[in-house]
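Data first, discussion second: the structure below is written as structure tokens.
Letters go in sequence order (proteins before strands), and every chain restarts at 1. Only heavy atoms go into these numbers, but all of them, side chains included; no hydrogens, no water, no symmetry mates. Everything numeric here is computed off the predicted structure, so don't read it as measured data.
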There are 2 protein chains.
Amino acid sequence: MPPTLKDVAERAGVSRAAVSRTFTDGASVSLKMRKKVEKAATELGYSPNALASSLTTGRTKLIGLVSNNFHNPIFLEVFDLFTRGLQERGLRPLLVNLSDETDPANSIRMLRQYSVDGVVVASSTLPPGFAKAFRDAGVPVVHSFGRYASSPEVHVVGIDNAECGRMAARELVRRGYRDVAFLGGPESATSTQDRFRGFMEELAQHSGISLRHSFAQAYSFNAGRAEMLARLKDTPAQAYFCGDDVLSIGALSAISDSGLKVPGDIGIIGLNDMEMAGWENINLTTIRQPISQIIDSSIELIVSMLENPERYPEARLFPCKVIERGTLRPVD
Amino acid sequence: MPPTLKDVAERAGVSRAAVSRTFTDGASVSLKMRKKVEKAATELGYSPNALASSLTTGRTKLIGLVSNNFHNPIFLEVFDLFTRGLQERGLRPLLVNLSDETDPANSIRMLRQYSVDGVVVASSTLPPGFAKAFRDAGVPVVHSFGRYASSPEVHVVGIDNAECGRMAARELVRRGYRDVAFLGGPESATSTQDRFRGFMEELAQHSGISLRHSFAQAYSFNAGRAEMLARLKDTPAQAYFCGDDVLSIGALSAISDSGLKVPGDIGIIGLNDMEMAGWENINLTTIRQPISQIIDSSIELIVSMLENPERYPEARLFPCKVIERGTLRPVD
DNA sequence: ACCCATTTTGCAACCGGTTGCAAAATGGAA
DNA sequence: TTCCATTTTGCAACCGGTTGCAAAATGGGT
């Protein structure tokens, strides 16, 4: 239905090759020819079919954006930044919602059918093997918010979750808490495991600190609330390092329902610093994850892999920092 | 690099047409042939190139998902539902982030280059002309959360925003508020205009009610908070119908900061019933928009347009209802 | 006006599939 | 076994572009 190369060529009275050349930059076309072709093209309202050309060039400019985090508000920011960043570079995001799927086979097949030039896996809960499966299938891949590995097999861009755990521990100790707890996300998520490990390691350096832990079912408000309600049945800890901000907000809600005060009775520190954490009626002390840097860097990396698919895998970790708000008691 | 039809044909010792047929259902292939081909295909790890086939079939199974709402948490739910619904039907969402762009020309060109089979415009702020431009370009389109028109030029699926305005008005009147206000989203958004119109219309039916109005810069927490802070400089109204839930939450934050109580001093009613509205520490009285029905219906519509692109445009509006929580005072 | 190096152009094959058509194979009935 | 209607298969053209190669055009120098 829409006009094709052939239509333009006929109308301009030139060869199809000539038309193709005026629309691929770097090709040799005389000014006269270009004028003629452009005239015919605009008259017909022609624009080249990207998919047809991908057949011969081997490039679709399609990037698979794969995620399973469609319930955590911070991922709206993530999608916003990714789509804008990709668009700015002339790339198109083909979105894949994993829902509860953790087997990459389906997504790989699907994304290969559409010949995506590369894939960004955006998830803090999927294991490194997930992204690796793409690489093994010959698809350039970057795992954003993925698990750090000292000898990474795929590009990983994110934060050092263990270091964040240590950071949270230091912050709680600095504020004089002695009886602390980790209220993590799902135990199977790599981010949960790493944050917990770091948290424990650091606390082990300090004497006389008691530590407990438990895990919520998901990184979600309801899961955080439910888990904290359960904790409140017994004597709760003095302060909790929660798996992330949504979880923290759920916990806050449980605490205020039970009549206790934050930070008076219980302290909370989260992780992410999503927009909502700064809302005045939440005012959560948390650890900021530099989302936009992570995403810029991920895009830069996937773009560079389009030129050089064999690029040696690297881990890019960005520093986090504590954002002090109102849910931890002040230092004495 | 990945194996092609030809590779499979050679390995199986059959024609390329035979291979093609075993992978298109409804085609005539003997069982013996099928076995042979499937064997060769799995040995090579072949899967057909969807883009190449789109060239002859004229179908890419790509659906453009166009939105400018990447800051309203409710759109995370929207994206989740859309991507899942499309995937279930074997369609792939190609995401377009409009950011601040309101001219459809770019998106149309881009989506035509990728030969999308159809487009879903998911936005409550874009004017009907936006979606219409796609239709005029010959691309099947559905405008979800779009403006209702009695003689629609494109398919619109959403709610009757004016009716929601009336509903909010009735609810406030029923609770005995006499001095009420509309705190809308951006004045240019069609949803804002319609909600305001309905709200006024209904209030005009009741005597002795005073109405004021103002508009926030965006459908966002900060905008709602800023706008409410401004209102609080003078004597505020008794109750506010806010443009949506995020705006409401911003307003709530401003109110509690100023030392006033909700619903004691000021009542708030929102619109959307996003997940957060039900969180116990927010507990917002609001009007529920049946998101998942809207999206199911949108997908059903766009799918039906793939078969019949000339399908007569219709408006599908879903009823909303008031969800009573804790931000309006009880009926006397 | 002529020659030659350089640019521009068109031809034709190709990318990875699909499909109308006719030839070949199948299989049931006589 | 033979015949004929029905499937199954392969050939070849096509979808909308790109690109190597050789022919044609250009233009500068003498």
Exercise. Report the residue (A:R21 or B:L55) whose heavy-atom-nearest nucleotide on DNA chain C is the more 5′ of the two.
Key: A:R21
Quiz item: From B:H143 NE2 over to B:F134 CZ, what is the distance, rounded to the nearest 0.5 angstrom?
Solution: 10.5 Å
Practice problem: Look at all strands and tell whether B:T24 reaches a base, only sugar-phosphate, or nothing, counting heavy atoms closer than 4.0 Å. | Solution: sugar-phosphate
Quiz prompt | Centroid-centroid under 6.0 Å between A:F75 and B:F79 rings | solution = no
Quiz item: In terms of heavy-atom contacts, does CG of B:D25 have more than 12 from other residues, nucleotides or ligands at under 6.0 Å?
Solution: no
Practice problem: Take A:V19 and B:S30, find for each the nucleotide of DNA chain D with the closest heavy atom, and name the residue whose nucleotide sits nearer the 5' end. | Solution: B:S30
Practice problem: Go through the structure and list residues passing ring-ring contact (aromatic ring centres under 6.0 Å, His included) with B:F82, not counting sequence neighbours. | Solution: none
Quiz prompt | Degree of bending in the helix from C:dA1-D:dT30 to C:dA30-D:dT1 once both end axes are built from five pairs, to 10° | solution = 40°
Quiz prompt | Charged N-O contact under 4.0 Å between B:R147 and B:D194 | solution = yes
Practice problem: Would you grab the first and last nucleotide of DNA chain D (5' to 3') that comes under 4.0 Å of any non-hydrogen atom in chain B? | Solution: D:dT8 to D:dG16
Self-check item: A:E38/A:K36 salt bridge by N-O under 4.0 Å criterion
Solution: no
Practice problem: Determine, for A:R11 against A:D7, whether the closest basic-nitrogen to carboxylate-oxygen distance falls under 4.0 angstrom. | Solution: no
Quiz item: Do NZ/NE/NH1/NH2 and the carboxylate oxygens of A:R316 and A:E300 come within less than 4.0 Å?
Solution: yes
Quiz item: So what does B:A17 hit on the nucleic acid, given a heavy-atom distance under 4.0 Å: a base, only sugar-phosphate, or nothing?
Solution: base
Quiz item: B:S20 near the nucleic acid: base, sugar-phosphate alone, or nothing, with a heavy-atom cut-off under 4.0 Å?
Solution: base
